[in-house]
Amino acid sequence: NIATNTSDINNLKTSKANNDLSNVTYPQMIPDGIEHQGAGDRVIETYISSDGTTWYRKWASGWKECGGYSTVALYLFKKTIVLPNITFANTYYTIMITPENRGTGDDNYSWWLEESITTSQFTVRLRVNTPTIRYYCCGY
(Lines give C-alpha, C1' and ligand atoms only; values in the text may rest on other atoms or scores of the structure.)
Protein backbone atom coordinates (compact mmCIF):
# COMPACT_ATOMS: atom_id res chain seq x y z
CA ASN A 1 0.00 0.00 0.00
CA ILE A 2 2.94 2.37 0.51
CA ALA A 3 3.69 2.50 -3.22
CA THR A 4 -0.01 3.08 -4.06
CA ASN A 5 -0.36 5.81 -1.42
CA THR A 6 2.85 7.52 -2.59
CA SER A 7 1.58 7.45 -6.17
CA ASP A 8 -1.80 8.91 -5.09
CA ILE A 9 -0.05 11.70 -3.16
CA ASN A 10 2.12 12.57 -6.17
CA ASN A 11 -0.98 12.69 -8.40
CA LEU A 12 -2.65 15.11 -5.96
CA LYS A 13 0.35 17.44 -6.15
CA THR A 14 0.07 17.74 -9.94
CA SER A 15 -3.73 18.11 -10.11
CA LYS A 16 -4.42 20.87 -7.63
CA ALA A 17 -6.48 23.97 -8.37
CA ASN A 18 -4.90 27.26 -9.39
CA ASN A 19 -5.35 30.15 -6.93
CA ASP A 20 -7.90 31.80 -9.26
CA LEU A 21 -9.70 28.43 -9.87
CA SER A 22 -9.24 28.89 -13.64
CA ASN A 23 -8.41 25.20 -14.09
CA VAL A 24 -11.45 23.96 -12.13
CA THR A 25 -14.44 22.72 -14.09
CA TYR A 26 -17.92 22.43 -12.69
CA PRO A 27 -20.49 19.86 -13.72
CA GLN A 28 -23.54 21.03 -15.64
CA MET A 29 -26.87 20.21 -14.04
CA ILE A 30 -29.08 18.55 -16.66
CA PRO A 31 -32.20 17.26 -14.87
CA ASP A 32 -34.46 17.77 -17.89
CA GLY A 33 -32.01 16.83 -20.64
CA ILE A 34 -31.39 20.49 -21.57
CA GLU A 35 -28.02 22.04 -20.80
CA HIS A 36 -28.36 24.96 -18.41
CA GLN A 37 -25.55 27.50 -18.62
CA GLY A 38 -24.42 28.79 -15.25
CA ALA A 39 -24.97 25.66 -13.18
CA GLY A 40 -22.00 25.42 -10.83
CA ASP A 41 -21.00 28.95 -11.86
CA ARG A 42 -18.34 31.01 -10.08
CA VAL A 43 -17.38 34.67 -9.81
CA ILE A 44 -14.29 35.50 -11.88
CA GLU A 45 -14.06 39.27 -11.33
CA THR A 46 -15.36 41.73 -8.74
CA TYR A 47 -15.01 45.46 -8.21
CA ILE A 48 -16.10 48.05 -5.64
CA SER A 49 -15.25 51.71 -6.28
CA SER A 50 -13.10 53.47 -3.70
CA ASP A 51 -15.99 55.77 -2.76
CA GLY A 52 -18.41 52.83 -2.53
CA THR A 53 -20.89 54.22 -5.07
CA THR A 54 -20.55 51.47 -7.70
CA TRP A 55 -19.75 47.77 -7.87
CA TYR A 56 -19.86 44.86 -10.30
CA ARG A 57 -19.50 41.09 -10.39
CA LYS A 58 -18.71 38.98 -13.48
CA TRP A 59 -19.36 35.22 -13.58
CA ALA A 60 -17.61 32.50 -15.59
CA SER A 61 -20.86 31.74 -17.47
CA GLY A 62 -21.02 35.33 -18.79
CA TRP A 63 -23.66 36.48 -16.27
CA LYS A 64 -23.02 40.04 -15.06
CA GLU A 65 -24.31 42.07 -12.11
CA CYS A 66 -23.68 45.66 -11.13
CA GLY A 67 -25.14 48.35 -8.97
CA GLY A 68 -24.63 51.53 -7.08
CA TYR A 69 -26.22 54.79 -6.10
CA SER A 70 -26.36 58.21 -7.68
CA THR A 71 -27.89 61.63 -7.14
CA VAL A 72 -30.07 63.20 -9.82
CA ALA A 73 -29.89 67.01 -10.17
CA LEU A 74 -33.10 68.55 -8.77
CA TYR A 75 -33.47 70.96 -11.67
CA LEU A 76 -33.15 68.20 -14.32
CA PHE A 77 -34.79 65.19 -12.64
CA LYS A 78 -32.84 63.13 -15.16
CA LYS A 79 -29.64 61.10 -14.92
CA THR A 80 -27.70 58.86 -17.28
CA ILE A 81 -26.10 56.00 -15.36
CA VAL A 82 -22.96 54.58 -16.98
CA LEU A 83 -22.46 51.02 -15.80
CA PRO A 84 -19.13 50.31 -14.03
CA ASN A 85 -16.96 48.33 -16.49
CA ILE A 86 -19.95 46.24 -17.61
CA THR A 87 -21.28 45.82 -21.14
CA PHE A 88 -24.27 43.54 -21.58
CA ALA A 89 -24.79 41.46 -24.72
CA ASN A 90 -27.99 43.36 -25.59
CA THR A 91 -30.45 45.82 -24.03
CA TYR A 92 -32.66 43.11 -22.53
CA TYR A 93 -30.94 43.07 -19.15
CA THR A 94 -32.79 43.70 -15.88
CA ILE A 95 -32.69 47.18 -14.37
CA MET A 96 -34.07 47.83 -10.87
CA ILE A 97 -34.26 51.36 -9.47
CA THR A 98 -35.05 52.37 -5.88
CA PRO A 99 -35.51 56.10 -5.24
CA GLU A 100 -34.60 57.03 -1.68
CA ASN A 101 -36.66 59.43 0.38
CA ARG A 102 -34.43 60.91 3.05
CA GLY A 103 -36.95 62.18 5.57
CA THR A 104 -38.69 64.87 3.52
CA GLY A 105 -42.12 63.73 4.73
CA ASP A 106 -43.28 63.27 1.13
CA ASP A 107 -43.37 59.63 0.12
CA ASN A 108 -44.85 60.36 -3.31
CA TYR A 109 -42.25 59.70 -5.94
CA SER A 110 -42.07 57.95 -9.26
CA TRP A 111 -39.40 57.10 -11.79
CA TRP A 112 -39.19 55.78 -15.31
CA LEU A 113 -36.51 54.75 -17.76
CA GLU A 114 -35.88 56.77 -20.87
CA GLU A 115 -35.74 54.99 -24.22
CA SER A 116 -31.99 55.58 -24.38
CA ILE A 117 -31.05 52.23 -22.79
CA THR A 118 -27.82 50.84 -24.25
CA THR A 119 -25.68 47.82 -23.37
CA SER A 120 -23.53 49.94 -21.03
CA GLN A 121 -25.79 52.74 -19.72
CA PHE A 122 -29.37 53.84 -19.11
CA THR A 123 -31.17 57.10 -18.37
CA VAL A 124 -33.66 57.50 -15.55
CA ARG A 125 -36.12 60.32 -14.83
CA LEU A 126 -37.54 60.96 -11.38
CA ARG A 127 -40.31 62.96 -9.83
CA VAL A 128 -39.10 63.10 -6.26
CA ASN A 129 -38.03 65.64 -3.63
CA THR A 130 -34.74 63.92 -2.75
CA PRO A 131 -33.49 62.31 -5.95
CA THR A 132 -30.95 59.80 -4.68
CA ILE A 133 -31.40 56.43 -6.37
CA ARG A 134 -29.99 52.95 -5.90
CA TYR A 135 -29.79 50.71 -8.95
CA TYR A 136 -29.09 47.06 -9.70
CA CYS A 137 -28.61 45.54 -13.15
CA CYS A 138 -28.11 41.92 -14.18
CA GLY A 139 -28.05 39.80 -17.32
CA TYR A 140 -25.76 38.35 -19.98
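Counting begins at 1 with the first residue of the sequence. Since this is a predicted model, take the numbers as computed values, not measurements.
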Do [X] and [Y] touch side chain to side chain, with heavy atoms closer than 4.5 Å?
X      : Y      : answer
Tyr69  : Tyr135 : no
Ile95  : Ile81  : no
Cys137 : Ile86  : no
Lys64  : Leu83  : no
Tyr136 : Glu65  : yes

>> For the aromatic rings, using the six-membered ring if either is Trp, is the centroid distance between Trp55 and Tyr47 under 6.0 Å?
In response: no
Spatial distance of atom [atom1] ([X]) from atom [atom2] ([Y]) [nearest 0.5 Å]:
X     : Y      : atom1 : atom2 : answer
Arg57 : Ile44  : CZ    : CD1   : 13.0 Å
Ile97 : Ile133 : CD1   : CD1   : 4.5 Å
Thr98 : Met96  : OG1   : CE    : 8.0 Å

> Aromatic rings Tyr93 and Phe88: how do their planes relate, parallel, tilted or perpendicular, breaks at 30° and 60°?
Replying inline: parallel
> What residues form a side chain to side chain contact (heavy atoms under 4.5 Å, CB included) with Asp51, not counting sequence neighbours?
Replying inline: Ser49, Thr53
